[in-house]
Participant: 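The structure that follows is given in the form of structure tokens.
As the structure lists them, so they are numbered: ligands from 1, and atoms in each ligand from 1.
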Amino acid sequence: MKIYLSVDIEGCAGIVAREQGSITGGAEYEMGRRLMTAEANAAIEGALEAGATEIVVNDSHALMRNIPPLELHPKARLIQGRVKHLFMVEGLDETFDAVFLVGYHAPAGVRDGVLNHAFHPYELRYNGEVFSETGLTASVAGHYGVPVALVTGDDAAIRDAKTLLGPHVGVSVKRGISRLAGDSVHPEEARRLIRAGAAEAVERLKAGEFQPLKVATPVEIEIDFYYSPEADVSALIPTVERTGDRTVRFTSPDALRAYRTFLASYYLARSVS
Ligand SMILES: [Zn+2]
């Protein structure tokens with residue numbers, strides 16, 4: 001039983017500020033990356049207890065070198081660094097039995113979503129609906145026929161996952177108060193909840209309870225950027241059409257190609273923002 005674990009930071013217990021996830025954040029960041037790593041380890045422990053045999057961890061946040069390798073559970077492999085061709089789902093393919101999302105968060109604009117965004121804090125619409133990183137990750141997993149079995153994050157992330165996914169295990173470790181404030185369980189309690197959730201996810205996976213997310217194809221993505229230059233450079237991509245001062249749109253035949261075009265747009269936009 002092979003589990004793919006994509007780990008973000010904003011949805012972890014005790015994280016409410018950008019400095020806690022930024023390499024320039026000093027002591028705040030050193031604490032943040034440890035909170036993130038401990039939650040990843042809790043998910044790994046729970047999965048192994050319930051019978052998982054192989055775990056691949058993708059460090060999915062920012063520069064993607066947040067998890068200190070020596071502190072990660074020794075049974076897991078670790079994918080880290082940039083540029084990755086598949087970003088938050090690098091290394092995922094059809095050989096996995098399930099995907100776990102740890103430390104995930106709500107899409108841009110959800111008032112109680114702590115540090116809400118989807119890549120950037122702009123609005124991303126996927127087939128007409130505001131979409132989250134959870135949705136993007138699940139869509140690529142679905143392309144490979146792999147279900148999302150576990151989602152951990154704040155209340156808003158768990159709500160978002162419920163609207164997107166079929167049956168899965170959702171574990172909330174934080175109640176959002178605003179984009180920059182939250183009410184978390186103690187990190188030890190977060191680990192206990194995640195470990196139990198991961199074990200439950202593997203048990204239910206064995207029982208065949210989870211289905212891969214299948215998005216409607218072709219996929220249409222629209223992005224409202226913050227600044228017009230981001231749309232200027234994004235519209236240089238052959239399939240991307242400029243539809244407004246700060247808005248672009250493109251259509252892709254499947255979820256994987258949609259994700260890749262979105263990534264191209266993201267990397268280009270970051271070069272001018
Ligand atoms: Zn994120």
Side-chain angles (χ1 to χ4, degrees), residues 4-25 28-29 32-33 35-37 39-40 43 57-67 79-84 86-92 99-126 130-141 148 150-161 163-165 170-174 176 178-182 184 190 194 221 223-226 259 262-263 265-267 269-270 273:
Y4 181 89
L5 179 49
S6 179
V7 190
D8 205 351
I9 199 167
E10 290 91 349
C12 294
I15 301 287
V16 295
R18 288 186 61 83
E19 293 82 356
Q20 291 174 288
S22 166
I23 205 153
T24 58
E28 294 258 38
Y29 175 61
R33 71 199 299 195
L35 293 170
M36 175 191 188
T37 305
E39 292 198 5
V57 173
N58 183 21
D59 189 327
S60 292
H61 174 71
L63 300 179
M64 304 184 169
R65 300 192 310 269
N66 307 287
I67 296 172
I79 296 173
Q80 47 182 175
R82 288 177 86 163
V83 169
K84 290 177 185 160
L86 284 180
F87 219 85
M88 301 183 86
V89 285
E90 183 66 39
L92 177 59
V99 169
F100 285 6
L101 311 184
V102 168
Y104 268 57
H105 50 81
V110 177
R111 71 176 75 172
D112 66 332
V114 176
L115 296 167
N116 62 69
H117 67 279
F119 281 64
H120 235 353
Y122 47 45
E123 186 162 300
L124 162 70
R125 291 180 296 281
Y126 197 100
V130 174
F131 219 49
S132 57
E133 291 172 13
T134 301
L136 289 168
T137 297
S139 71
V140 177
V148 172
L150 174 74
V151 180
T152 84
D154 64 354
D155 287 354
I158 301 311
R159 274 200 322 268
D160 174 57
T163 68
L164 283 164
L165 308 174
V171 176
S172 175
V173 296
K174 181 164 64 185
S178 69
R179 188 166 190 274
L180 294 173
S184 298
I194 292 169
I221 290 185
I223 305 165
D224 293 337
F225 289 106
Y226 266 6
Y259 191 81
F262 171 69
L263 282 184
S265 161
Y266 167 77
Y267 278 125
R270 286 309 300 250
S273 61

Participant: Can you label the angle between the F262 ring and the Y259 ring as parallel, tilted or perpendicular, going by 30° and 60°?
Facilitator: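 F262 and Y259: tilted rings.
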Participant: If you look at H105, which of its N/O/S atoms is nearest to the Zn ion (ligand 1)?
Facilitator: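 Going through the N, O and S atoms of H105 one by one, NE2 ends up nearest to the Zn ion (ligand 1).
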Participant: Evaluate the criterion ring pair (Phe, Tyr, Trp, His ring centres under 6.0 Å) for residue pair Y122 and Y226; output intermediate values, then yes/no.
Facilitator: CA-CA 6 Å; Y122 47 45; Y226 266 6; 7.4 Å; no
Participant: Quickly, which of D8, V140, L136 forms a side-chain contact (heavy atoms from CB on, under 4.5 Å) with M88? Name it, please.
Facilitator: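 Exactly one option meets the side-chain contact (heavy atoms from CB on, under 4.5 Å) with M88, and it is D8.
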Participant: Could you tell me if the side chain of E19 sits less than 4.5 Å from the side chain of Y29, heavy atoms only?
Facilitator: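 Result no, sub-4.5 Å side-chain heavy-atom pair not found.
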Participant: Would you mind naming the N, O or S atom of E133 nearest to the Zn ion (ligand 1)?
Facilitator: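 Nearest N/O/S atom: OE1.
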Participant: So, of the N/O/S atoms that D8 has, which is the nearest one to the Zn ion (ligand 1)?
Facilitator: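 In D8, the heteroatom (N, O or S) nearest the Zn ion (ligand 1) is OD2.
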